[in-house]
Amino acid sequence: MKKTLFVLMLSLVTVFGMAQGRHGGSRGNDRGHGRGPGREYPHEMHHQPCATPEQMQLVLQVIDNQSFDDKKLEIGKLCVVLGHFCTNDLARIAEKFSFDDNRKAFLIYAYPYCVDPQNYYSLKEVFQFRSNFDEMMEKTHPGYSR
């Protein structure tokens with residue numbers, strides 16, 4: 001299982017790295033966000049296009065192959081860091097989780113990496129309970145009121 005997961009992750013890294021034109025090297029954009037040297041800080045990627053249909057298909061396939069939400073969440077987080085996802089893409093990934101708590105955790109984590117964060121309000125439909133959407137919005141949008 002671990003070997004299979006490793007191979008899947010390696011393929012994701014390869015697909016996202018090549019498709020997004022990342023060939024390594026220091027970007028120097030850490031700006032104190034704890035991401036470490038040599039990594040782009042997420043909202044600086046707003047000019048980037050969303051994931052391609054092929055990338056989304058691969059991500060959804062890898063997530064679908066997992067039986068438990070904790071593994072889906074782990075993979076979803078890794079994919080978000082590697083690729084450029086629009087709010088609609090993130091909604092499709094979040095819908096793969098069985099529970100609102102995992103959807104909320106994923107979307108809070110994914111927010112800084114989203115290429116169109118101004119559309120995060122549209123994620124309301126992903127949640128079963130409005131309170132989970134409100135909690136997610138409070139974490140991602142300071143000053144949000146229910």
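Basis for what follows: all heavy atoms, side chains included, without hydrogens, waters or symmetry-related copies. Keep in mind that this is a model prediction, so the values were computed, not measured.
Within the 4.5 Å cutoff, no side-chain heavy atoms of L73 are placed close to those of Y109. For the pair F85/C114, no side-chain contact is recorded, criterion being any heavy-atom separation below 4.5 Å from C-beta on. Contact annotation: the side chain of Y113 never approaches that of L90 to less than 4.5 Å [non-hydrogen atoms, C-beta and beyond]. Between I75 and L78, every side-chain heavy-atom pair lies at or beyond the 4.5 Å cut-off.
Annotation: Y121 is not in aromatic contact with H141 [ring centroid separation under 6.0 Å not met]. In this structure, F133 has its ring center at least 6.0 angstrom away from the ring center of F129.
Taking each heavy atom of V126 and A91 in turn, the nearest pair found is CG2-CB, 3.6 Å. Considering every non-hydrogen atom in both P117 and Y111, the closest pair reads CB-CE1, 3.4 Å. Taking all atoms of both residues into account, the shortest heavy-atom contact from T140 to L107 is CG2-O, 4.4 Å.
The cluster map of Ile, Leu, Val, Met, Phe, Trp and Tyr, joined by side-chain heavy atoms under 4.5 Å apart, puts I108 and F99 in different clusters.
Judged by distance alone, the side chain of D89 and the main-chain N or O of C86 form a donor-acceptor pair under 3.5 Å. Judged by distance alone, with hydrogens and angles left aside, the side-chain atoms of D116 form a donor-acceptor pair with the main-chain N or O of T87 at under 3.5 Å.
Of the inter-residue distances, the one linking Q128 atom CD with R103 atom CZ reads 5.0 Å to the nearest 0.5 angstrom. In this structure, CD on Q66 lies 11.0 Å from CD on Q61, to the nearest 0.5 angstrom. Atoms CD1 and CG, on I63 and D69 in that order, are 10.0 Å from each other to the nearest 0.5 Å. Taking CG of D134 as the reference point, atom CD of E138 lies at 6.5 Å (rounded to 0.5 Å). For the atom pair K104 NZ and K139 NZ, the distance stands at 8.0 Å (nearest 0.5 Å). For the atom pair E135 CD and D100 CG, the distance stands at 9.5 Å (nearest 0.5 Å).
In this structure, K72 is not positioned above the aromatic face of F97 in the sense of NZ or CZ being under 6.0 Å from the six-membered ring centre and within 45° of the axis.
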Could you walk me through whether E74 and K71 pass salt bridge (Lys or Arg N to Asp or Glu O under 4.0 Å), step by step?
CA-CA 5 Å; E74 184 180 322; K71 286 295 179 193; 3.5 Å; yes
